[in-house]
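Report on the structure given below.
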Amino acid sequence: MDAVIKVQNLTHTYSVGTPFEKTAIHDINVEFYPGELVAVIGHTGSGKSTFMQHLDGLLAPTSGTVFVDGQDIFASKEATRDVRFKVGLVFQYPEYQLFEETVYKDIAFGPKNMKLSEAEIDERVREAAGFVGIGEELFEKSPLELSGGQKRRIAIAGVIAMRPKVLILDEPTAGLDPGGCEGIIRNILDYRAQTGSTVLLVTHSMDDAARIAGRLVVFDAGRIAMDGTPEEVFSRAPELTAMGLDVPQSAAIAQALRERGARLPGAVYTLEQLTAAVAALRKGAGAGA
Amino acid sequence: MLKDITLGQYFPGDTIVHRLDPRTKLILVIVFIAALFLAVDWLSYAAMFLVTALCVKVSTIRLRSILRGLKPLIFIIILTGVLNLFYTKGGTVLLDWWTFTVTTEGIKRAFLMVVRIMLLITGTFLLTYTTSPIALTDGLEILLNPLKRLRVPVHEMSMMMSMALRFIPTLIEETDKIMSAQKARGADFSTGRLTERARALLPLLVPLFVSSFRRADELAVAMESRCYHGGEGRTRMNALHMARRDVLALLCGAALLGGMIAMNVLGI
């Protein structure tokens, strides 16, 4: 399968030629495929946000190239602008970007910039609002009157309404209560299931990453330190800890049980796997007794 | 990018220029400006140039940073040069065409004026490059203290100033972030006619205002909950005190000013 995003030797240095010069990402090579759900993990300052902004053409690389659908997105101004509609980037705390008088108009901002017809815009706004569970009764309200969780959903809808091939979300659940987090994660999963688009999710929650992502990319000090299935990545728990990252709680408990002599299988990193493994263990013990 | 604006930016360092008391540096900058305006001819300008160059050298601020600071003012510098070039009388006439006359005196004036402006900017930049904004406003508050007698709200003014300075980087960062977020939704800030561009700023300004008010409100609450009630009886964690180097620096400043007055009287 052809990669939807292909990144080659991407390096970005901030403030070149000043005392504040800092290389945020070094020589990144990675590919993302259609329909993948990838969790991007890394410590604060590991370069993941800088990396994400290159995929949307918001930051130009110091060196290296980014191809979206085989097209070099920095080849021309038009190409850079086009990629904004192909790759939808939801920033951290996106509710702070809401500005229109009504929820409807705010969600319509992206599609309007795509110069679509009124009918097409209307269809997309309704569809996007549906994905994030924003009812039509809210369409005429001011986005500033709504709750934090609702604002965030509206901001996400504003990006989804552009129908991007790739949706990138930078910590979409930061600062929300557990119910709100769960709701947003479920919205994202539904969206991906229904549209088949590629989703890159930047997250600090290892439990979320373990639970929903098919592939994990770990950033450390501006480089990709690990790239693989959750199984592969979480089996390198000591390295993750050395990078200042956590392992999922279930993996930590499984490890603690192993150290106490319990014979658990290697791939235990979600709650379901842990319960199954422990149940199997008890059953085995029961049969033995 | 907006982040590249250097006006008033502080470059941390540990040179003698950095360590001087902010009050000393403020006084020295005033002395420097006064001395600069006393300069009349080659010799005095050369002296001022050497003094400035020495200070820049000692402060270890890179020449490139200073040149970048001069860049936004290039128009004023060129305008001054051109005006002086054409409107100075005296000396041998080299070119006389329409209303433009270029004389040897004009060339000299233009050159010296451009040097004066560049030194002026460099000198003041040296202050902001080597002094943290907080130290600067603290120094200013103490220097302006006598004005309290005249009921000038010195403390409030300096508090507002340090808060404004403190929030400039935050505001720039916020602007950058919102701009990126709107660009990600296809907003276009750089093309189109003037009216279109003005309208394109709306998605940037509205969120910026909203967050500024929110932040101001949060800051006020945070300050009040730490019992802030104005400058009355407030003490400082880092009290400023003059060291021997400050006395020496001020003496050097006085010597410079004296020297320049002497050269001014002699007309060299």
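Quick note: numbers below take in every heavy atom, side chains included, and nothing from hydrogens, waters or symmetry partners. Proteins get letters first, then strands, A, B, ... in listed order; numbering begins at 1 in each.
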Using a cut-off of 6.0 Å, state whether more than 12 heavy atoms not belonging to [X] lie near its atom [atom1].
X: A:Lys86; atom1: NZ; answer: yes
X: B:Leu194; atom1: CG; answer: no
X: B:Phe209; atom1: CZ; answer: no
X: A:Glu120; atom1: CD; answer: yes
X: A:Phe74; atom1: CZ; answer: yes
X: B:Arg197; atom1: CZ; answer: yes
X: B:Phe111; atom1: CZ; answer: no
X: A:Glu118; atom1: CD; answer: no

Specify the closest pair of heavy atoms between [X] and [Y], including all atoms of both residues, with the distance to one decimal.
X: A:Asp56; Y: B:Ala184; answer: OD2-CB, 3.2 Å
X: A:Phe99; Y: B:Arg185; answer: CE2-NH2, 3.8 Å
X: A:Phe91; Y: B:Ser180; answer: CZ-CB, 3.5 Å
X: B:Gln182; Y: A:Gln97; answer: NE2-O, 2.9 Å

TODO: Return the option, out of B:Ser211, B:Ala187, B:Pro12, with the maximum number of heavy-atom pairs under 4.5 Å with chain A.
DONE: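 That would be B:Ala187.
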Task: Leading residue by heavy atom contact count with chain A [cutoff under 4.5 Å; candidates B:Ile178, B:Asp188, B:Val210] - done: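 The option with the most such pairs is B:Asp188.
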Open item on the list: For A:Gln53, which atoms come within 4.5 Å of any heavy atom of chain B: side chain, backbone, both, or neither?
Closed with: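 Looking at A:Gln53, just its side chain touches chain B.
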Task: Part of A:Met114 within contact of chain B (heavy atom distance under 4.5 Å) - done: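 Looking at A:Met114, nothing touches chain B.
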TODO: For chain B, find which of A:Asn113, A:Val159, A:Val90 contributes the most heavy-atom pairs closer than 4.5 angstrom.
DONE: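 Most pairs with chain B among the choices: A:Asn113.
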TODO: Return the option, out of A:Asp106, A:Val83, A:Leu144, with the maximum number of heavy-atom pairs under 4.5 Å with chain B.
DONE: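 The residue among A:Asp106, A:Val83, A:Leu144 with the greatest pair count is A:Asp106.
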Task: Under 4.5 Å from a heavy atom of chain A, the part of B:Leu202 involved - done: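 Contact with chain A involves the backbone of B:Leu202 alone.
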- [ ] Using the ring of A:Tyr96 (Phe, Tyr or Trp, six-membered ring only), decide whether B:Arg214 places NZ or CZ under 6.0 Å from its centre and within 45 degrees of its axis.
- [x]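 Yes, B:Arg214 sits over the ring of A:Tyr96.
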